[in-house]
Amino acid sequence: MSGRKKPATDPVEINRLIWRTVERIPAGRVATYGQVADIAGLGRAARRVGRALRELPPGSRVPWYRVLRAGGVFAFPRSSESYRRQRRLLGEEGVHLVNGRVDLQRYGWQQTLDELLWSPDA
DNA sequence: GTCTTGACTAAGC
DNA sequence: GGCTTAGCCAAGA
């Protein structure tokens, strides 16, 4: 047997891995490309995440709109259809924009830290 | 095999 | 606040 071990070299595997990671983002939360890449085990391949989402077929249940650029900024131009769609979908989940961007300290996907910092009493 | 592009990020002006 | 530069990684020409 060829003992050649390759860590998710197949683009299909990588895409699935990225999509699966994006699906893990809970509703009402958002994550950055770099964060998704890191969680997916791709390191700094934030661009790879963007490509995977671009290749994402329509009708998919992957919440691509929960993925933002660094700083909570949208990846699309403000006059783009995707921008409005993303903004609307996030709004339905309770995520609204402040000065054209999302407050990552509040809506950012912080699996553990968030519950520690965000007290329900606030 | 080299160059360009891109749903990226961070730092600098 | 916005624009530029540099770094990064993968796909396409």
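What you see below is based on every heavy atom in this structure, not just the backbone, and it leaves out hydrogens, waters and symmetry mates. Note that the structure is predicted; figures quoted are calculated from it, not measured. By convention in this document, chain letters (A, B, ...) are assigned in the order of the sequence lines, proteins followed by strands, and residues within each chain are numbered from 1.
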Discussion item. Evaluate V30(A) against V67(A) for side chain to side chain contact (heavy atoms under 4.5 Å, CB included), listing each step before the verdict.
Written reply: CA-CA 6 Å; V30(A) 295; V67(A) 183; over 6 Å; no

Worksheet entry | Check against side chain to side chain contact (heavy atoms under 4.5 Å, CB included), Q35(A) and W109(A) | CA-CA 9 Å; Q35(A) 187 175 5; W109(A) 183 28; 4.2 Å; yes

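Distance, I25(A) CD1 to dA7(B) P: 18 Å, rounded to whole Å. Between F74(A) atom CZ and dC8(B) atom P there is a gap of 14 Å when expressed in whole angstrom units. The separation between Q86(A) atom CD and dA7(B) atom C1' is 9 Å, rounded to whole Å. Between the CD1 atom of I14(A) and the C1' atom of dA11(C) there is a distance of 11 Å, given to the nearest Å. Rounded to whole Å, the distance from CD1 on I18(A) to C1' on dA7(B) is 12 Å. With rounding to whole Å, E55(A) atom CD is found 11 Å from dA10(C) atom C1'. In this structure, OH of Y33(A) is placed 17 Å from C1' of dA10(B), rounded to the nearest angstrom. A straight line from CD of E81(A) to P of dA7(B) spans 17 Å, rounded to a whole angstrom.
Listed here is the closest heavy atom pair of W64(A) and S82(A): CH2-O, 4.0 Å.
The stretch residues 61-70 of chain A touches DNA chain B through W64(A), R69(A), A70(A), each having a heavy atom under 4.0 angstrom from the strand.
When the nearest nucleotides of DNA chain C are assigned to R44(A) and N99(A) by heavy-atom distance, the more 5′-ward of the two goes with N99(A). Sequence order on DNA chain C of the closest nucleotides to R101(A) and A45(A) puts R101(A) first from the 5' end. Each of F76(A) and G71(A) has a nearest nucleotide on DNA chain B; the 5'-most of these lies closest to F76(A).
Side-chain N or O atoms of W19(A) include one that pairs as donor or acceptor with a backbone N or O of A52(A) at under 3.5 Å. Between the side chain of T21(A) and the backbone N or O of L17(A), at least one donor-acceptor pair lies under 3.5 Å.
N15(A) and R20(A) share no donor-acceptor pair across their side chains, judged by distance under 3.5 Å alone.
We find the CD1-CZ distance between I14(A) and R51(A) to be 12.0 Å, quoted to the nearest 0.5 Å.
dC8(C) is unpaired under the criterion used here, namely a Watson-Crick or G-U wobble arrangement in which both key atom distances are under 3.5 Å. In this structure, dG1(C) makes no Watson-Crick or G-U wobble pair, since no nucleotide meets both defining distances under 3.5 angstrom.
Backbone-only engagement by T32(A) is indicated by non-hydrogen atom pairs under 4.0 Å involving sugar-phosphate atoms exclusively.
Counting distance only, with no hydrogens placed and no angle test, the side-chain atoms of R47(A) and the base atoms of dC8(B) include a donor-acceptor pair under 3.5 Å.
With sequence neighbours excluded, no residue satisfies side chain to side chain donor-acceptor pair (under 3.5 Å) with E55(A).
If you run side chain to side chain contact (heavy atoms under 4.5 Å, CB included) between F74(A) and each of R101(A), R69(A), Q86(A), only Q86(A) comes through.
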Taking only N/O atoms, report every protein-nucleotides 3-5 of chain B pair under 3.5 Å with atom names and distance.
none

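Straight-line distance between the P atoms of dA7(B) and dG7(C): roughly 22 Å, to the nearest whole Å.
In this structure, R29(A) does not pair ionically with E93(A), as no charged nitrogen and carboxylate oxygen lie closer than 4.0 Å.
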